*Asks:* 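Here you go, one structure.
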Amino acid sequence: MKGRTMCGALSAADEGRRVILAGWVNHRRDHGGLTFIDLRDHTGVVQLTFNPETAEEAKRVAERCRLEWVIRVEGVVALRPEGSENPNLPTGEVEVRADRCEVLAQAQAMPLGVGDEAVADERVRLQYRYLDLRRPRMQRNLRARHRFIKALRDAGDRLGFVEIETPTMVPSTPEGARDFLIPSRLWPGHVWALPQSPQLYKQLSMVGGFDRYLQIARCWRDEDLRADRQFEFTQLDLEMSFVEEEEVYSVLEEMVSTAWEAAFQVTPPTPWPRLPFAEAMRRYGSDKPDTRFGHELCEVSQVFASSEFQVFRRALDQGGAVVALRVPEGAQLTRGELEGAFLEVARTYGAQGLAYCWQRDAGLEGGISKFLSEAEADRLRQELGLTAGDLVLFTAGPRQTALVSLGQVRLHAARRLGWIPEGRFDFLWVTEFPLFERDPRTGEVSPMHHPFTQPHPDDWGLLRTEPEKVRSRAYDIVCNGVELGSGSLRITDPRQQAEIFSVLGFSEAEVATKFGFLIEAFRYGPPPHGGFAAGIDRMVMVGLGESSIREVIAFPKTQTGADPMTGAPTRVAEAQLAEVGLRLAAPPPPS
RNA sequence: GGCCCCGUGGUGUAGCUGGCCCAACACGCCACCCUGUCAAGGUGGAGAUCGGCGGUUCGAAUCCGCUCGGGGUCGCCA
């Protein structure tokens, strides 16, 4: 619109200026004579006044206006009469005395509150997402997301990265997450898949001599949705040649902290601490520890080495562990709460139970204290540094289970007791992840990151004998207890790659079919390389303090994987299916 | 596939230990009044059979079952 001024930009300095404004009616106050309209555009809100004595026609239009109508007005910026300034409004010193008003579009009554921060049911918000997006919160979130991505691209450009687009129609691979499949019309009986990540393409661009690859890449995974997971998500995808871990770390630290500053006006200090996986598990019971607060776990198996307490005895006899968490001022937690919500958390993560007792002036009391000997109590006090008023929580069982479940209890306690400081972003690198994990049911090993990850050079000897003990050169970025991304140094030696595939139980024929092109490429001088993929949605979510990824995605899906706005997924005509060679097994619609 | 929470006019909520509720309040909507408000105010009005189905009961928004939808979560997510 020619000559348009933005609402939020007006201030006392504009006094006397004639302006053209356009936007939505955020609010209307009609005094019969004088009419006020708060006009909103994405920059803010400004008050318009319509005076029947000086602008009769405009005033008549204004009094017809309703919430969310779109109008164009002309008028003169004026200081508000003394005493009628609004200190709650950035433009509250001024108003625009409108003499022309044109309705550009009317609006029906809104199905949800738009102008304010009132929160509607999420289903309604998604059904009318285009209205939800008008709300200040969504405007803020998506604009911050834009600045974040722009800053990542700019930083990448400065650091010598080249953005390369990779295909969104790729071969399906059965490993990893479930693929979204696309039928191939031209190749009956064949399918494409949407990429779970551009992993192999970015490695091949290393072979292709682009030694710093970057992409803001859309990825798809057909798995159940969560607060921090959608079918489709966006990642900052990077790959670098001739690097080792520290070079990857410093590039990510530079890019992310720069973008964080651009989008969230906070600069996370760098470098970020490095924490080996094994230590993260031992201290926090998690591979994505929230390090904004202490209260670390403490293994106390030694204390109970000769315990008579059956629960601990059994765990230790079976080669497991007893883990404890000291909760200062835990006296405020009641038995009911410990055996309710706290126990529930422990059970959800596999613990059989949650033992507890209190340290009082006289010694250990309550809970399991009666099963502990005096020596054990003394040793425990010493190990944990207990003082009167403390609560001690225990899990016992297989070491991993005991650690993970108590780690989750630690997080629950932190929220319950207010241990988590506001406004902090504690970034860290979790390093030396295991190369493989073993499925407890089938006993099979599978890659923890992906099968192209380099093993730790010291651990090659364990590959055949104890593969689950092999460390990898994979690393994660974690912030405030959220996994923001992961990466690794890759294998480029075809013989080493064959060795890994062999441990994973892939036949040579399988490898040739699925990854033949990669192995082939690595016979033509692949540079050593490694990279990273960081979840943009999650980073923006954490940066903005949102607790759901859907708050930073313009048009997300519901948890059940649908879009209430468009009604997708939809059925299509038989003919359309037949054309691409599909016949669906789903039952006919109930109609 | 499992577990947990939620579902009342357009929106947000109250009622939910059954009858006083053919449902209340706020915002929005409609009409009228009102020249300085900014959650404007005043008067009047329209609008929900309480997600759906079935059951218990003399009687259900309120109890039970199933189901649908939304959210959280375990599994799953190389």
Side-chain angles (χ1 to χ4, degrees), chain A residues 26-39 45-54 59 63 66-68 78 80-89 91-92 95 97 107-128 131-132 173-179 196-197 199-200 219-231 233 340-341 344-345 347-350 404-405 408 433 435-437 439-441 445-453 472 474 483 486 488 500 504 514 533 535 547-548 550 557-560 562 564 590:
Chain A
N26 201 52
H27 225 78
R28 186 182 59 103
R29 293 173 295 280
D30 189 346
H31 287 226
L34 255 193
T35 295
F36 301 94
I37 285 181
D38 293 337
L39 187 69
V45 170
V46 71
Q47 172 167 283
L48 312 175
T49 62
F50 296 86
N51 191 322
E53 288 166 11
T54 57
K59 148 75 188 169
E63 68 189 16
R66 293 294 178 271
L67 291 185
E68 298 304 315
R80 292 191 184 194
E82 196 165 338
S84 67
E85 301 88 353
N86 184 350
N88 300 319
L89 202 62
T91 61
E95 61 192 15
R97 305 218 165 119
Q108 296 182 6
M110 293 293 118
L112 45 78
V114 169
D116 56 12
E117 287 297 332
V119 181
D121 180 83
E122 193 160 341
R123 213 207 90 82
V124 177
R125 290 180 58 198
L126 291 186
Q127 185 180 347
Y128 297 96
L131 298 179
D132 192 44
T173 51
E175 290 73 33
R178 198 175 293 111
D179 280 330
Q196 296 176 27
S197 86
Q199 184 61 35
L200 299 182
C219 307
W220 291 265
R221 293 177 191 176
D222 187 3
E223 298 291 346
D224 290 0
L225 297 86
R226 287 290 153 68
D228 62 353
R229 265 161 42 191
Q230 286 268 304
F231 284 152
F233 57 96
E344 191 54 42
V345 170
R347 281 215 176 118
T348 298
Y349 290 87
V404 167
S405 55
Q408 292 294 326
F433 272 81
L435 189 62
F436 302 112
E437 56 193 345
D439 187 313
R441 287 171 302 120
V445 294
S446 58
M448 194 149 178
H449 184 51
H450 58 53
F452 318 108
T453 305
S472 72
E483 181 200 325
S486 56
S488 63
I500 298 295
L504 289 169
K514 292 173 189 161
S547 53
S548 163
R550 294 184 300 275
K557 316 270 184 280
T558 64
Q559 186 171 77
T560 50

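Please read these numbers as outputs of a predicted model, since none were measured by experiment. Naming: A, B, ... by sequence-line order, numbering from 1 per chain. These numbers come from the heavy atoms of this one structure, side chains and all, not from hydrogens, waters or symmetry mates.
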*Asks:* I'd like to check the side-chain hydrogen bond (donor to acceptor under 3.5 Å, both in side chains) partners of A/Glu122; sequence neighbours left out, ordered by chain and number.
*Replies:*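 side-chain hydrogen bond (donor to acceptor under 3.5 Å, both in side chains) list for A/Glu122, sorted by chain: A/Arg550.
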
*Asks:* Looking at residues at least two apart in the chain, or sitting in another chain, which of them share a side-chain contact (heavy atoms from CB on, under 4.5 Å) with A/Asn88?
*Replies:*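 Only A/Asn86 meet the side-chain contact (heavy atoms from CB on, under 4.5 Å) criterion with A/Asn88.
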
*Asks:* Can you list everything that forms a ring-ring contact (aromatic ring centres under 6.0 Å, His included) with A/His27? Sequence neighbours excluded, please.
*Replies:*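 Once residues adjacent in sequence are excluded, A/His27 has no partner under the ring-ring contact (aromatic ring centres under 6.0 Å, His included) criterion.
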
*Asks:* Which pairs, protein N/O on one side and nucleotides 39-44 of chain B N/O on the other, fall under 3.5 Å?
*Replies:*
from: B/A39; atom 1: O3'; to: A/His27; atom 2: NE2; distance (Å): 3.3
from: B/A40; atom 1: OP1; to: A/His27; atom 2: NE2; distance (Å): 2.2
from: B/A40; atom 1: OP2; to: A/His27; atom 2: NE2; distance (Å): 2.6
from: B/A40; atom 1: N6; to: A/Asp30; atom 2: O; distance (Å): 2.5

*Asks:* With a non-hydrogen cut-off below 4.0 angstrom, is A/Gln408 in contact with a base, only sugar-phosphate, or nothing?
*Replies:*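 The answer is nothing, as A/Gln408 stays clear of every strand by at least 4.0 Å.
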
*Asks:* Could I get the full list of ring-ring contact (aromatic ring centres under 6.0 Å, His included) partners for A/Phe433, not counting sequence neighbours?
*Replies:*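 Only A/Phe277 meet the ring-ring contact (aromatic ring centres under 6.0 Å, His included) criterion with A/Phe433.
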
*Asks:* Rounded to the nearest Å, what distance is computed from the CD atom of residue A/Glu223 to the P atom of nucleotide B/G1?
*Replies:*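 Atom CD in A/Glu223 sits about 14 Å away from atom P in B/G1.
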
*Asks:* Holding to ring-ring contact (aromatic ring centres under 6.0 Å, His included), I want the full list of residues that pass it with A/Phe36, two or more places apart in sequence or in another chain.
*Replies:*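 Listed in chain order: A/His31.
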
*Asks:* Please list, chain by chain and in numerical order, all residues satisfying side-chain contact (heavy atoms from CB on, under 4.5 Å) with A/Glu344, sequence neighbours excluded.
*Replies:*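 Here the qualifying residues are A/Thr348.
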
*Asks:* Tell me, for nucleotides 66-73 of chain B in 5' to 3' order, what letter each nucleotide earns: B for a base near a protein heavy atom under 4.0 Å, S for only sugar-phosphate near one, - for neither?
*Replies:* ---SSBBB

*Asks:* Quick one: side-chain hydrogen bond (donor to acceptor under 3.5 Å, both in side chains) partners of A/Glu85, sequence neighbours excluded?
*Replies:*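 With sequence neighbours excluded, A/Glu85 shows a side-chain hydrogen bond (donor to acceptor under 3.5 Å, both in side chains) to no residue whatsoever.
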
*Asks:* What residues, two or more places apart in sequence or in another chain, satisfy side-chain hydrogen bond (donor to acceptor under 3.5 Å, both in side chains) together with A/Glu95?
*Replies:*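 Applying side-chain hydrogen bond (donor to acceptor under 3.5 Å, both in side chains) to A/Glu95 gives A/Gln47, A/Arg97.
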
*Asks:* What's touching nucleotides 45-47 of chain B from the protein side, N or O pairs under 3.5 Å?
*Replies:*
none

*Asks:* Suppose we call a contact any N or O donor and acceptor under 3.5 Å apart; does that hold for the side chain of A/Glu95 and the base of B/G36?
*Replies:*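 Side chain to base: pair present.
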
*Asks:* Does A/Asn51 have any side-chain hydrogen bond (donor to acceptor under 3.5 Å, both in side chains) partners at least two apart in sequence or in another chain, and if so, which?
*Replies:*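 So A/Asn51 forms no side-chain hydrogen bond (donor to acceptor under 3.5 Å, both in side chains) with any residue.
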
*Asks:* Rounded to whole angstrom units, what separation is found between the CG atom of A/Asp439 and the P atom of B/C77?
*Replies:*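 That distance rounds to 9 Å.
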
